[in-house]
Amino acid sequence: ISEKWMNVQVGDIIKLENNQFVTADLLLLSSSEPLNIVYIETVYCEPPNNRLDRFMGTLTFGTQKYSLDNERVLLRGCTLRNTDWCFGLVLFAGPETKLMQNCGKSTFKRTSIDRLMNVLVLFIFGLLALMCIILAVGNGIWENHAGSKFNAFLPREENTGFSAFLTFWSYIIILNTVVPISLYVSMEVIRLGNSYYINWDRNMYHARTDTPAEARTTTLNEELGQIKYIFSDKTGTLTQNIMTFNKCSINGKSYGQNQFHMHQLFIIFIVDFSFNRLADPKFIRREIYTDQALLHGSSHIVCILKLCVKFVVFLSVRNPEGKLSLYCKGADTIIYERLHPSCSELMKVTTEHLNEFAGEGLRTLVLAYKDLDEEYFSEWKQRHHESSVALEDREENLEKLYEEIEKDMMLIGATAIEDKLQDGVSQTIEQLTKAEIKIWVLTGDKQETAENIGYSCNLLREEMNDVFFVAANSPEEVRQELRISVVFIFKWSLFLQRDARLKMRPATEQDKFLIPEIILGDTPKVVQDENVNGDYGLVINGHSLAFALESNMELEFLRTACMCKTVICCRVTPLQKAQVVELVKKYKKAVTLAIGDGANDVSMIKAAHIGVGISGQEGMQAVLSSDFSFAQFRFLQRLLLVHGRWSYLRMCKFLRYFFYKNFTFTFVHFWYAFFCGFSAQTVYDEGFITLYNLVYTALPVLGMSLFDQDVNAGWSLEYPQLYVPGQLSQYFSKRDFMMCALHSCYSSLVLFFVPYAATYDTARDDGKDGADYQSFALITQTCLTVTVCVQLGLDLSYWTVVNHLYVWGSLGMFFILTFTMYTDGLFRLRPSSFAFIGTARNCLNQPNVWLTVALTAILCVLPVVAYRFFYSQISPTINDKVRYKVRQMKEPTPRPRRTRLTRRSTRRSGYAFSHAHGYGDLVTSGRFLRRHAPARSMGLIPTGRSPGFKPTGRSAGYSPVGQEQNPKQKVEPTSLQMFRAVKDASF
């Protein structure tokens, strides 16, 4: 029967078909593949936990017990491939699945502008109350001193206190336009429009997979223009997640990709998949050597045996002569420790080949074998079975058995596979680096692999001053590696008080890094950005990161990491990814973005201010949890540098203009109160008050907020430095709000007193009195409408047909509706609503009225024009410089550069996949995993590296092999390398 996910329970048996998502954590029972029928009676397993790499259980059938591990489990979030169907027993369902245990909490995300608006709205309410109190007190004073003189026109209230009370609430109603009630609705409309721009952008459409960019939320657009930290996954995000077998070294001889005779040399590893009609025909010939032939083994023999021992091992590894052999694969540092001494010469030749492969950017893997004695292996297999079915101390006992058997192995050779970078990754990172965005890579891969990718995509560069490696096994060592640069060991007692931070920071800078920030009584700690001399990188593994994220060391780690241009965290669990993001959010006044493509990135995506999912090879879990999604990492630069910057700029312009026009409109009422006896009479016509925000000023500001741009997309990508003001919140802040309020106060004074002076004791052309309330109200509201439209025109940087239509249409609509509402016909229909009969035609035909309108508009915008002119001349912003340069250049808009990056590196390339156990239980349990440190000899510890770390590449003193990583890509030094010293000579 068909059932919904929500109704799946533990103990249910589920049938899955090809390409269907796994709905719960399942124990695989049988599938469409031959010889996969399983009968069960009882299953005992561990309680729900967040360990994705481990599962312990025992299956009982009859009198026999069988070990259950991670290889027999289908985790929720996976997709069934190359299999018609399978049946599975539900082990964990719903929130108890391992995926959900790693997902973290879903929180409602708000932008920094939203949080600022909450504070400003409270301030505005306080301002409204203050103005009403002032006017209420004024009413009380006026009633006591001058109210008796107006008894014939307005009956006097004997109780002046009650009169002041009524006046207070009357002005609350009149001045309520100062409160931005319609602001939030307008903001959502603007965000919706900018979201559609992302969805419609053809430059972010991936044709090969038919995947467009998608804004999955409409509330975070402007936050894209303020990103300071990017947290990225590696596999599938920076790389294509498509492994290609390229080269190998066998018995000291190197074979290239086109030398197909190496096929015979690996014939022993081939497994026949011809029975599977869904299998890729090229699968056996190209990929079976490195991945499937060794039965999914890891850097230890553990995974090989866990797959093979339950079944008869000699069926998989017995050669045609009937001899039983054990095969092992892994990184060179792991396999070399397990080799027989007779392999020393072959190891030297293989190492040379490994260096050559690594220099070409390939990821290496070493292969070894060992002939097994039948009697010994039978006894060892029995002990392995007893340990594998135990629910206590299973891992410790198995580890001892694996260490026992994987000794004195014979070296076969090495393989080299390639997980190519996605197109445009290096150029995207270069552009984002120019925009002062710091990129942290959080990956589950091993350190060598992460380091190699860092150099491949230009995150790490040879010209960096130093790259610090933290790979310690205890809290004390982690703290030491974060602090100490050089230390003498054993009998040396000299301790140099220079740690990594002191080395990077200028000597004259004070040692301050915590600054208080008070917002509504909350005083969080903020780690201040520190200026450093040079470029630095930091590489830390998951074991050390677990200690570094503890409460007593997190600030030490964060401060050191934030002084580096690039941070790479390897061997990290999904929860550790989220913890790193939360740490930066907690102590840095910065906006974060997390990008990933797999289910293990969901917690990181949810934790960041902005989550971006890449629809790649690992399903849709990351996309479904993200705020924005697309198909390739290179689209991130357009999302941030174009759409994000435009959205933030437009939103800030909208807020400044919205507050200006509403405050100016409202403050005129305030000044008028001092001339009308604080009687709560409005200065404008009732119809104008109703239509001001609804008709006269609504469309122009929306047009600006949807279509305005200071420079187009091409120049935005050409000058990534344009992105920096958004990170510093320079376009809208509390200071900008106060400046906007002061400008509104000044404009309201001009709008009230200039028309007042122009109409005071004046006469019309026909000799009649021109100083009446209705004429003054019409002149004031005309001046106001024209002034706010002129101000909008000054704020607009990019005039489109729509903007012209909205601005001139709104002005035209004002005069059309004014003349219509002041006609005799409407007065006869409703005299009380249309009392300004004939005011428009009698007032607006006077030349002095139009001179008053022009003078008022000029006086209102003159300070703005003068300020912008002198500021652009004395201290021009990056926007001013780029716009000036654009105007001066006669060439067409530059197309985005496709800089092809290359590097010369001898760093050892590590194997692409993560095989060792993660550190999720270490993060959540409070226990510490400790390993015995190797014996230390006297001497200096390499700067920033752990005593047990074996450096590779430049760190180990390797000389260049004289071969480029990619001979086809020969270019001059990249602009990013030149940008390190001088951002732009013209700026």
Side-chain angles (χ1 to χ4, degrees), residues 111-113 116 220-231 427-440 458-459 526-535 562-567 584 588-593 608-610 636-653 655-656 708-736 797 868 871-872 874-886 894 896-897 975-987:
T111 66
S112 57
I113 287 183
L116 176 60
L220 302 174
N221 295 341
E222 67 271 14
E223 197 88 327
L224 291 171
Q226 297 182 277
I227 302 299
K228 183 64 177 178
Y229 289 89
I230 293 179
F231 301 92
Q427 190 253 357
T428 299
I429 292 175
E430 176 186 9
Q431 294 290 87
L432 296 178
T433 304
K434 287 183 178 180
E436 300 295 333
I437 298 176
K438 294 185 177 181
I439 302 176
W440 294 20
N458 232 35
L459 280 170
V526 178
V527 176
Q528 184 181 4
D529 288 334
E530 298 179 79
N531 295 325
V532 297
N533 294 326
D535 294 340
C562 289
M563 302 173 82
C564 299
K565 284 287 185 182
T566 300
V567 177
V584 175
K588 297 294 292 184
K589 189 179 180 181
V591 181
T592 61
L593 180 146
H609 292 100
I610 300 290
L636 183 62
Q637 66 169 319
R638 188 170 181 88
L639 180 69
L640 300 184
L641 303 184
V642 178
H643 293 287
R645 197 181 68 85
W646 280 351
S647 296
Y648 175 69
L649 179 63
R650 291 165 179 168
M651 183 61 70
C652 293
K653 281 190 174 183
L655 292 174
R656 293 199 304 264
D708 192 40
Q709 49 185 259
D710 52 350
V711 293
N712 58 29
W715 291 110
S716 297
L717 296 174
E718 182 71 11
Y719 293 97
Q721 300 94 326
L722 290 168
Y723 191 83
V724 176
Q727 298 171 336
L728 304 177
S729 299
Q730 292 183 355
Y731 294 144
F732 187 77
S733 59
K734 295 176 183 177
R735 176 184 176 277
D736 295 297
S797 302
R868 293 180 181 177
Y871 193 81
S872 64
I874 298 173
S875 179
T877 63
I878 181 64
N879 299 69
D880 298 329
K881 297 175 183 178
V882 173
R883 292 179 63 187
Y884 176 78
K885 190 171 184 178
V886 171
R897 295 174 296 172
S975 55
L976 176 61
Q977 295 168 347
M978 296 182 289
F979 175 76
R980 182 176 65 87
V982 180
K983 295 182 179 179
D984 193 330
S986 62
F987 299 150

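For clarity, every value in this text was computed on a predicted model and none was experimentally measured. Residue indices begin at 1 and follow the sequence shown.
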Asker: Report the residues that fulfil side-chain contact (heavy atoms from CB on, under 4.5 Å) with Lys653, sequence neighbours left out, ordered by chain and then residue number.
Answerer: Leu649, Arg656, Met704, Asp708, Ser797
Asker: So do Glu436 and Gln721 actually touch side chain to side chain, heavy atoms under 4.5 Å?
Answerer: no
Asker: Do Ile113 and Cys652 touch side chain to side chain, with heavy atoms closer than 4.5 Å?
Answerer: yes
Asker: For the residue pair Arg645 and Val711, what are the closest heavy atoms and their distance?
Answerer: NH2-CG2, 3.3 Å
Asker: How long is the gap from OG on Ser647 to CG on Leu640, to the nearest 0.5 Å?
Answerer: 10.5 Å
Asker: Working to the nearest 0.5 angstrom, can you tell me the gap between Leu717 CG and Thr428 OG1?
Answerer: 9.5 Å
Asker: How close do Ala435 and Pro720 get, heavy atom to heavy atom, and via which atoms?
Answerer: CB-O, 3.5 Å
Asker: Are Ser716 and Trp646 close enough, and set up right, to give a side-chain contact (heavy atoms from CB on, under 4.5 Å), and what steps lead you there?
Answerer: CA-CA 9 Å; Ser716 297; Trp646 280 351; 3.9 Å; yes
Asker: Which atom names give the shortest non-hydrogen contact between Ala713 and Val642, and what distance separates them?
Answerer: CB-CG1, 3.9 Å
Asker: Quick one: pull up CD1 in Ile429 and CD1 in Ile437 and give me the separation to the nearest 0.5 Å.
Answerer: 11.5 Å
Asker: List the atom of Pro876, the atom of Asp880, and the distance in Å for their closest heavy-atom pair.
Answerer: CA-OD2, 3.8 Å
Asker: What class does the angle between the rings of Tyr648 and Tyr731 fall in, given that below 30° is parallel, 30 to 60° is tilted and above 60° is perpendicular?
Answerer: tilted
Asker: Please tell me if the side chains of Thr592 and His609 come closer than 4.5 Å, counting only heavy atoms from C-beta onward.
Answerer: yes
Asker: Rounded to the nearest 0.5 Å, what separation is found between the NE2 atom of His643 and the CG atom of Leu224?
Answerer: 9.5 Å
Asker: So do the side chains of Leu636 and Ile230 get within less than 4.5 Å of each other, counting heavy atoms only?
Answerer: yes
Asker: Identify the residue among Glu222, Gln226, Glu223 that makes a side chain to side chain donor-acceptor pair (under 3.5 Å) with Thr111.
Answerer: Glu222
Asker: Within this structure, what is the CG-CG distance for the pair Leu641 and Leu432, rounded to the nearest 0.5 Å?
Answerer: 5.5 Å
Asker: Could you check if a side-chain atom of Thr566 sits within less than 4.5 angstrom of a side-chain atom of Ile439, using non-hydrogen atoms only?
Answerer: no
Asker: Counting C-beta onward and ignoring hydrogens, is there a side-chain heavy-atom pair between Glu718 and Trp715 closer than 4.5 Å?
Answerer: yes
Asker: Could you give all pairs that pass the salt bridge (charged side-chain N to carboxylate O under 4.0 Å, His left out) test and reach residues 724-733, with sequence neighbours left out?
Answerer: none
Asker: Within the structure provided, determine whether Pro725 and Thr877 are in side-chain contact (heavy-atom separation under 4.5 Å).
Answerer: no
Asker: Going by distance alone, is a donor N or O of one side chain under 3.5 Å from an acceptor N or O of the other, for Lys885 and Tyr719?
Answerer: yes
Asker: Please examine the side chains of Ile878 and Val724, heavy atoms only from C-beta on, and report whether any two atoms are closer than 4.5 Å.
Answerer: no
Asker: From Trp440 CH2 over to Lys565 NZ, what is the distance, rounded to the nearest 0.5 angstrom?
Answerer: 14.0 Å
Asker: Over all heavy atoms of both residues, which pair between Cys564 and Val567 is shortest? Give the atoms and the distance, please.
Answerer: CB-CG2, 4.3 Å
Asker: Where do Ala590 and Lys228 come nearest, in terms of heavy atoms and distance?
Answerer: CB-CB, 3.6 Å
